[in-house]
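Just so it is clear, the values below take in all heavy atoms, side chains as well, and ignore hydrogens, waters and symmetry mates. All of these numbers come straight from a predicted model, not from anything done at the bench. Whatever order the structure lists ligands and atoms in, that order sets their numbers, starting from 1.
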Amino acid sequence: MLAGKRILLIIGGGIAAYKVLELIRRLRDAGAAVTPVMTRAAAEFVTPLSVAALAGEKVRTELFDLGDEAEMGHIQLSRVADLIVVAPATADLMAKMAQGRADDLASTLLLATDTRVLIAPAMNLRMWEHPATGRNRAQLAADGVATVGPNAGAMACGEFGPGRMAEPEEILGAITAALGAGPLAGRHVLVTSGPTHEPIDPVRYIANRSSGAQGTAIAAALRDLGASVTFVTGPASVPPPGGVTVVRVETAREMAAAVQAALPADAAVFAAAVADWRVANAADRKMKKDGKGTAPALEFAENPDILATVARMDAGRPRLVIGFAAETDDVLAHATAKRARKGCDWIVANDVSPGTGIMGGQENAVTLVTAEGAEDWPRLPKAEVAARLAARIADALA
Ligand code: CTP
């Protein structure tokens, strides 16, 4: 997918540098050539020998190296690349980039280039959250530098929070997208995900058990194929993927409005578990016990069907509209009927009976229902279901 592309990979000095070895391997597998540059600090974390062996090219570290200058000038090095990737982008490297300093090979290359730059920040969470890093991030964004990650999670320093470098496959996806190289390059795909919360009063709500895991994985897989993704998400328990446009909503009606605002799209995937009803008599103050033991009576009103509304649009309908069917029995029959009732092109059906462990779990077993019939997919990790679905979407839009 990246055949003929050359990546100038600048490796910063952080513990996450070890993940860059895997990134290099993946880039090579995808057909890209990798020119590695390491800061002095990076060589404390991974050896130049490992980097050179995986990249299949010598590692450059020094600003003043007569041998290198005779072969290819430093400035030239940064200009023959299709993309410059900085991973891990440490707080120090980001500060240098934001200020335009050039006191070593890595920072000089970054200043001397007009090639696009993608950074994968990695640092302690307090460093990430420090106002100085915040200023540098804003400056880099204003300078047109693209960013992937960091993710929240357990960190090597023992703390927990944002600061962990994005995983190699996420960085690869961001590289593919930045190069406009995947089969979905130039396509806009809308994905809904997560549950919705329907308020009862200002502190209580009705919700469902959707974690948002499958929708998040689908958005990431579409991004990895080069799509520009708008991700409209209810209050999910898994964080949204990097490298997509995230629109956070709470209720079904907010989700419906956000979906309309995100159109037009080439394809739309409705993975959200939208509440079918909202509380029609929601209180605007916290409901209190009346002291007599009477329970309040909730009245319900039907929510707009977001999928059916988009699937039945006369003008501006996405070319491919995909719905989900979460069923506990007669999965195929219900899914086939749902496809016809909602007017969508495909239904991704799954059995969410408690015994399957699918809702909130790591795996999914789906049946894809199209106009041509039904296909049972094997039980797979949600990321693999997402990758398969994204590949099918790419085929359908080709
Ligand atoms: N959906 C939607 N808006 C709604 C309800 C559902 O966009 N208000 C979408 C979901 O995102 C999913 C599909 O419709 O893609 C199936 O939703 P589901 O709730 O399972 O279907 P229902 O129409 O509620 O059918 P049933 O009552 O048989 O479950």
Side-chain angles (χ1 to χ4, degrees), residues 189-199 205-219 222 229-236 238 240 247-263 265 267-280 300-313 317-318 320-354 356 358-360 364-370 374 377 382 385-386 389-390 392-393:
V189 185
L190 170 68
V191 179
T192 70
S193 182
T196 62
H197 285 183
E198 306 297 330
Y205 56 82
I206 292 176
N208 60 64
R209 294 186 196 281
S210 167
S211 64
Q214 187 63 81
T216 299
I218 290 167
L222 291 162
V229 177
T230 302
F231 184 66
V232 179
T233 178
V238 300
V247 184
R248 291 176 200 273
V249 298
E250 204 170 299
T251 66
R253 286 195 291 179
E254 287 168 12
M255 186 173 276
V259 162
Q260 288 300 328
L263 293 173
V269 184
F270 293 88
V274 185
D276 289 322
W277 301 282
R278 65 179 176 277
V279 179
F300 290 92
E302 200 167 326
N303 271 327
D305 190 320
I306 308 168
L307 166 63
T309 306
V310 172
R312 299 198 184 285
M313 281 170 68
R317 180 191 191 273
L320 187 62
V321 177
I322 305 170
F324 271 66
E327 309 288 352
T328 52
D329 54 270
D330 253 339
V331 177
L332 184 57
H334 280 135
T336 307
K338 198 166 281 182
R339 179 176 167 275
R341 194 167 69 242
K342 302 226 180 194
C344 57
D345 302 298
W346 300 351
I347 283 274
V348 181
N350 54 9
D351 185 345
V352 291
S353 313
T356 63
I358 282 175
M359 218 159 185
N364 207 350
V366 308
T367 302
L368 181 68
V369 182
T370 70
W377 290 4
K382 285 182 175 173
V385 172
L389 187 65
R392 290 290 286 264
I393 293 171

Inset, instruction - Assess A252 for proximity to ligand 1: is some non-hydrogen atom of it under 4.0 Å away? - result: no
Legend entry - ligand 1 to P304 polar contact by distance, N or O atoms, under 3.5 Å: yes
Legend entry - Close approach, R341 and ligand 1, non-hydrogen under 4.0 angstrom: yes
Inset, instruction - Only one of K342, R341, R312 passes side-chain hydrogen bond (donor to acceptor under 3.5 Å, both in side chains) with D305; say which it is. - result: K342
Legend entry - Electrostatic pair R317:D345 at N-O distance under 4.0 angstrom: yes
Legend entry - Nitrogen or oxygen atoms of K338 and ligand 1 under 3.5 Å apart: yes
Inset, instruction - Please examine the side chains of T192 and M255, heavy atoms only from C-beta on, and report whether any two atoms are closer than 4.5 Å. - result: yes
Inset, instruction - Report the member of F324, W277, F270 with the shortest heavy-atom distance to atom 13 (C) of ligand 1. - result: F324
Inset, instruction - Could you list the atoms of ligand 1 found under 4.0 angstrom from a heavy atom of G323? - result: 15 (O)
Inset, instruction - Would you check whether N303 has a nitrogen or oxygen atom less than 3.5 angstrom from a nitrogen or oxygen atom of ligand 1? - result: no
Legend entry - Close side-chain approach of E327 and L332, heavy atoms under 4.5 Å: no
Legend entry - Student check: side-chain heavy atoms of L190 and P318 closer than 4.5 Å: no
Legend entry - Part of D276 within contact of ligand 1 (heavy atoms, under 4.0 Å): side chain
Inset, instruction - Decide whether an N or O pair under 3.5 Å exists between A271 and ligand 1. - result: no
Legend entry - For atom 9 (C) of ligand 1, closest protein heavy-atom neighbour: L307 CB, 3.8 Å
Inset, instruction - Specify side chain, backbone, both or neither for A256, according to which of its non-hydrogen atoms lie closer than 4.0 Å to ligand 1. - result: neither
Legend entry - A272 neighbourhood, listing ligand 1 atoms whose heavy-atom distance to it stays under 4.0 Å: 10 (C), 11 (O)
Inset, instruction - Could you grab the distance from atom CD1 of I306 to atom CZ of R253, nearest 0.5 Å is fine? - result: 11.5 Å
Inset, instruction - Can you pull out the closest protein heavy atom to atom 3 (N) of ligand 1? Residue, atom name and distance to 0.1 Å, please. - result: I306 N, 3.0 Å
Legend entry - Contact with ligand 1 for K342, non-hydrogen, under 4.0 angstrom: yes
Inset, instruction - Mark yes when over 12 heavy atoms from residues, nucleotides or ligands other than R248 sit less than 6.0 Å from its CZ; otherwise mark no. - result: no
Legend entry - Minimal non-hydrogen separation, A219 against V229, with atom names: O-CG2, 3.8 Å
Inset, instruction - Begin from the C-alpha positions of E198 and Y205 and carry the test side chain to side chain contact (heavy atoms under 4.5 Å, CB included) through to its verdict. - result: CA-CA 5 Å; E198 306 297 330; Y205 56 82; 5.8 Å; no
